[in-house]
Amino acid sequence: MTTALEEVRRRRTFAIISHPDAGKTTLTEKLLLFSGAIQIAGSVKARKASRHATSDWMEIEKQRGISVASSVMQMLYREHVINLLDTPGHKDFSEDTYRVLTAVDSALMVIDAANGVEAQTRRLIEVCRQRDTPIITFVNKMDREVRDPLDILDEVERELGMPCVPMTWPVGQGKLFGGIINLRTQAMTVFESGSERLPQDFETVPLSEQGKLADRFGLEWQTAMDSMELATGASPTFDREAFLAGKQTPVFFGSGVNNFGVMEVLDALVDLAPSPQPRQSSLLVNKHMVEKTIQPEDAGFAGVVFKVQANMDANHRDRIAFVRVASGRYAPGMKLKVQRSSKELRPTSVVTFLSQRREAVDEAYAGDIIGFTTHGGVQLGDTITDGANLQFTGLPFFAPELFMTVILKNPLRTKQLQTGLDQLGEEGAIQVFKPEIGGPMLLGAVGQLQFEVVQHRLKAEYDCDVRLEGCQYTGARWITADTPAELREFTNAYPQRMALDAANTLAYLCTSPYDVRLAQERFPKIHFHPLREHAGLALGSAG
């Protein structure tokens with residue numbers, strides 16, 4: 001019988017992050033394939049085929065060939081339970097990605113070797129840096145014409161603001177790509193193209209046979225040895241404590257589509273990445289919030305809802321709350337409580353995931369991601385425990401930058417539209433604002449593509465044909481005040497500008513950046529927040 005501590009130490013929970021088209025979804029497929037979680041990798045490029053990437057399940061993703069929703073996959077490898085969260089690379093879905101990053105203990109950053117660090121990767125790096133999330137770097141597409149590896153390392157160091165420690169090193173690139181030198185095992189794995197090849201099929205030559213390798217790879221070998229010497233000379237030695245503190249990143253090279261260099265990453269996740277880490281929470285003691293650190297091996301069950309997904313199964317119109325277990329052990333039949341509402345939960349079907357495939361959970365420990373069917377009453381950021389009154393902090397909602405008004409083409413579908421907007425708003429697919437003075441609902445988004453996805457989903461999942469029209473609003477700020485009287489005075493002064501979001505939090509809608517400044521001058525005691533943490537908690541710093 002294993003102890004809770006042993007179970008926690010077996011777990012690794014990480015997110016794959018990258019700019020779109022760096023090969024993230026392909027790499028996800030290959031990690032699943034090599035751990036034995038799936039038997040056949042879905043080609044991500046051949047979108048016309050019926051076999052789509054395991055992690056892209058939504059209809060619109062299949063049509064566009066991009067990930068628009070993060071997905072969760074669990075696999076077993078070398079006696080370890082690996083929870084992998086694939087995130088959307090597209091900037092329009094960055095909110096979903098930011099929330100996923102709050103649920104993991106490390107990140108695997110995929111970089112296109114031809115393009116280096118791109119815009120979206122930079123934004124994701126910032127989120128990782130704010131949380132000191134350890135990052136493993138995989139430089140992909142070495143079988144193409146790419147940039148010099150030293151140049152890529154230099155850029156990663158500049159952008160990440162932390163030193164790179166090469167763990168593997170490429171020999172050649174493009175048509176002359178010969179393979180990678182594994183600095184941990186002191187051997188070279190020889191490259192052969194083809195996506196059907198398994199890691200054990202690649203030839204490995206120990207570095208002790210340098211002469212043989214020099215004869216075989218000629219100039220490419222010599223160039224690789226020289227640049228590797230420069231890279232290792234300029235890099236610190238790998239320091240696990242520094243890596244865990246987010247102060248250095250181990251770097252691997254390979255070609256995901258050719259199954260090459262992926263096994264080394266999988267091994268690094270087991271050997272180097274951290275097991276579940278302690279989490280900060282707030283505890284209500286004598287009407288005062290007190291900070292408390294929750295250890296993963298603590299006995300009491302506690303978890304946080306970092307994602308709610310509607311209609312994962314079109315036949316059942318279900319909604320799944322994804323919970324990152326922070327402590328304790330989940331067992332079927334447990335009585336759970338939603339802390340925000342004090343509502344009791346008795347989830348009947350609790351599952352782990354392989355994207356859309358689900359399996360019933362016998363038990364789950366800290367680090368695991370479990371999902372349960374919910375019929376409302378659970379929101380993003382909710383803390384769920386087996387009784388303890390605590391609240392996890394830090395699930396961010398960003399003030400939207402784009403707004404549209406929802407016009408229903410058939411007024412008889414009002415009820416379905418309301419249900420659809422409620423569910424998509426709770427899910428975080430889009431932000432929904434209900435004007436206090438009535439009138440059509442407003443949708444707020446970080447990126448234009450979010451509107452298209454919501455319009456598509458309202459039609460496909462709720463049978464609501466809507467038209468989205470532009471409106472005068474260009475921003476929103478959540479508002480709080482020190483006293484109810486101050487808040488009332490402010491809302492009376494700007495009745496047209498007040499709206500409630502999906503969590504019933506009051507927001508002030510603005511038509512230009514000057515609006516907030518003028519309102520702030522007129523009402524100095526009102527706080528305007530560009531970031532909202534979960535409802536019921538202190539909002540982000542006033543801005």
Side-chain angles (χ1 to χ4, degrees), residues 94-96 98-99 102 127 130 282 289 304-308 339-341 378-383 391-406 421-422 424-439 441-447 450 454 471-543:
S94 50
E95 276 198 294
D96 196 21
Y98 293 150
R99 288 194 281 263
T102 66
V127 180
Q130 282 163 10
S282 303
M289 286 305 232
V304 65
V305 177
F306 67 93
K307 178 180 170 64
V308 178
Q339 290 299 315
R340 172 181 50 83
S341 60
V378 175
Q379 293 179 0
L380 280 170
D382 273 348
T383 297
Q391 188 84 53
F392 289 106
T393 53
L395 197 78
F397 290 79
F398 299 89
E401 294 152 26
L402 303 167
F403 285 86
M404 293 284 226
T405 306
V406 186
L421 290 179
D422 283 351
L424 294 173
E426 277 186 14
E427 185 187 308
I430 197 125
Q431 293 193 42
V432 180
F433 292 90
K434 185 181 177 188
E436 286 271 67
I437 56 161
M441 301 287 267
L442 293 168
L443 298 185
V446 175
Q450 276 180 280
V454 163
C471 63
Q472 78 265 41
Y473 300 116
T474 57
R477 289 289 181 268
W478 287 283
I479 55 170
T480 52
D482 298 335
T483 68
E486 287 165 359
L487 190 61
R488 207 163 34 247
E489 190 189 346
F490 180 76
T491 56
N492 289 342
Y494 295 102
Q496 269 84 15
R497 295 293 181 89
M498 294 296 126
L500 291 169
D501 71 2
N504 256 1
T505 309
L506 196 60
Y508 168 77
L509 303 170
C510 15
T511 53
S512 84
Y514 304 110
D515 286 359
V516 178
R517 206 173 306 158
L518 292 169
Q520 183 82 80
E521 281 170 13
R522 200 174 148 197
F523 292 92
K525 291 185 175 169
I526 296 291
H527 310 294
F528 296 83
H529 308 276
L531 184 75
R532 168 170 83 74
E533 280 196 356
H534 177 247
L537 285 181
L539 291 155
S541 57

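Values below: all heavy atoms of this structure, side chains included; hydrogens, waters and symmetry mates excluded. Start at 1 with the first residue, then count along the sequence.
- In terms of heavy atoms, A399 sits closest to W478 at N-CZ3, 3.6 Å.
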Begin with the C-alpha distance, continue with both residues' side-chain angles, and end with the deciding distance and a verdict on side chain to side chain contact (heavy atoms under 4.5 Å, CB included) for Q379 and V305.
CA-CA 7 Å; Q379 293 179 0; V305 177; over 6 Å; no
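- Every ring-ring contact (aromatic ring centres under 6.0 Å, His included) that F490 has, sequence neighbours left out, goes to Y494, Y508, F523, F528.
- Considering all non-hydrogen atoms of both residues, L509 and A476 come closest at CD2-CB, 4.1 Å.
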Start with the C-alpha gap between L500 and E436, add the side-chain angles, then the distance that decides, and say whether side chain to side chain contact (heavy atoms under 4.5 Å, CB included) holds.
CA-CA 7 Å; L500 291 169; E436 286 271 67; 3.7 Å; yes
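- Here the closest heavy-atom approach between residue Q339 and residue Q391 is recorded as CB-OE1, 4.0 Å.
- One distance of note links CG of L442 with CG of L421; it measures 10.5 Å at 0.5 Å rounding.
- Here the closest heavy-atom approach between residue V304 and residue G381 is recorded as CG2-O, 3.9 Å.
- Proximity of R477 to P530: side-chain heavy atoms (C-beta onward) are separated by under 4.5 Å at one or more points.
- A salt bridge does not link K525 to D482: none of the charged nitrogens lies less than 4.0 Å from a carboxylate oxygen.
- Within the model, atoms CG of D501 and CD of Q431 stand 6.5 Å from one another, a figure rounded to the nearest 0.5 Å.
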Quick one, F392 with T102, criterion side chain to side chain contact (heavy atoms under 4.5 Å, CB included). Give me CA distance, side-chain angles, the key distance, then yes/no.
CA-CA 11 Å; F392 289 106; T102 66; over 6 Å; no
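- In this structure, T511 contributes its side chain and Y473 its backbone to no donor-acceptor pair below 3.5 Å.
- Residue I430 comes nearest to A445 through the heavy atom pair CD1-CB, 4.1 Å, listed as atom of the first residue, atom of the second, then distance.
- Once rounded to the nearest 0.5 Å, the distance linking CG of L518 with OG of S512 reads 7.5 Å.
- Considering only heavy atoms from C-beta on, L443 comes within 4.5 Å of V406 through its side chain.
- Among pairs with a residue in residues 505-517, those fulfilling salt bridge (Lys or Arg N to Asp or Glu O under 4.0 Å) read R497-D515, at least two apart in sequence or across chains.
- From I479, atom CD1 reaches atom CD of E486 across 12.0 Å, with rounding to the nearest 0.5 Å.
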Would L506 and L487 count as a side chain to side chain contact (heavy atoms under 4.5 Å, CB included) here? Give the steps.
CA-CA 10 Å; L506 196 60; L487 190 61; 4.3 Å; yes
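- The distance from the NE2 atom of H527 to the OG1 atom of T480 is 5.0 Å, given to the nearest 0.5 Å.
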